[in-house]
Structure formats: structure tokens, C-alpha cells
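Input: a single structure, listed below in C-alpha cells.
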Amino acid sequence: NLYLLTTEILDIRVKRDSEEMYHINFVTLHMDIPVEIITSKGKEKLRLSKKAITLKSSSMPVIDSEMYYLTKIIVE
């Protein structure tokens, strides 16, 4: 359970790189955990960490839509 390891709010950065490319990563968490992300292709479970992952989506990705984690989304 993540909350046994930390009490920090998970800051997640979503940076739009181009028309359909997004870079997503943790800002505050120093481990990787699985997170559900909804893109224009549907729902995917991806492992997020401090190293950014790149997604292609025609709409803004929705991160952790069921609010499993306590998050703060930073959109750039």
C-alpha cells in the first residue's frame, strides 16, 4: 500500500509537447506505481515514475479518473 510508504500528495505533471503528444511523470514521488490513464484510445494502466512517459492522444489524458490516489495534476 502506497500510503504506508508516504503521506505526500502525488504531483503529476502533464506536459503537452505537440498537437497530440503528452509527457506525463511524477514530480514528488521517487518510485514507480501503476496508474490508470484515459486517452482518446481508451483506458490504459501504465507505470508512472519521475521519468516521463510519452503518450499520443487527440484529447487531454485523464489521469486516475476513479481517484484511487490523492493527486494534484499540473498541466503545462
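Just so you know, these numbers come straight off a predicted model, no measurement behind them.
Pairing each heavy atom of M31 with each of F26, the nearest pair is O-CD1, 3.9 Å. Residues K72 and I9 approach most closely at N-CG2, 3.8 Å, considering heavy atoms. Residues T28 and K50 approach most closely at N-NZ, 4.4 Å, considering heavy atoms. The two residues I53 and R47 come nearest to each other via the heavy atoms CG2-O, 4.1 Å. What you find for A52 and N25 is that their closest heavy atoms are CA-CB, 3.5 Å.
No donor-acceptor distance shorter than 3.5 angstrom exists from the side chain of D17 to the backbone of M21, with no hydrogens or angles considered. Under the 3.5 Å distance criterion, the side-chain polar atoms of D64 are matched with a main-chain donor or acceptor of Y69. Proximity of a side-chain donor or acceptor of R16 to a complementary backbone N or O of Y22 within less than 3.5 Å is not detected. A side-chain donor-acceptor contact under 3.5 Å links S57 to the backbone of S40.
Connection of I33 to I12 is established within a shared hydrophobic cluster, with ILVMFWY side chains joined at heavy-atom distances below 4.5 Å, either directly or through further cluster members. A continuous path of hydrophobic side-chain contacts links L29 to V75 [ILVMFWY only; heavy atoms under 4.5 Å]. Note on I74 and V35: separate hydrophobic clusters, where clusters join Ile, Leu, Val, Met, Phe, Trp and Tyr whose side-chain heavy atoms are under 4.5 Å apart, directly or indirectly. Under the 4.5 Å side-chain heavy-atom criterion for Ile, Leu, Val, Met, Phe, Trp and Tyr, I73 and V62 are members of distinct hydrophobic clusters. One hydrophobic cluster, built from ILVMFWY side chains closer than 4.5 Å, holds both L46 and V14.
Salt bridge present: E76 and R13 bring a charged side-chain N and a carboxylate O closer than 4.0 Å. Of the charged side-chain nitrogens involved, at least one lies within less than 4.0 Å of a carboxylate oxygen, so that K43 and E66 count as a salt-bridged pair.
Here the CG atom belonging to L55 is positioned 12.5 Å from the CD1 atom belonging to I38, to the nearest 0.5 angstrom. To the nearest 0.5 Å, atom NZ of residue K56 and atom CD of residue E19 are 11.0 Å apart. Here the CD atom belonging to E20 is positioned 7.5 Å from the OG atom belonging to S18, to the nearest 0.5 angstrom.
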Subject >> Candidate pair T71 and I63, rule side chain to side chain contact (heavy atoms under 4.5 Å, CB included), full reasoning >> reply: CA-CA 9 Å; T71 60; I63 301 167; 5.8 Å; no
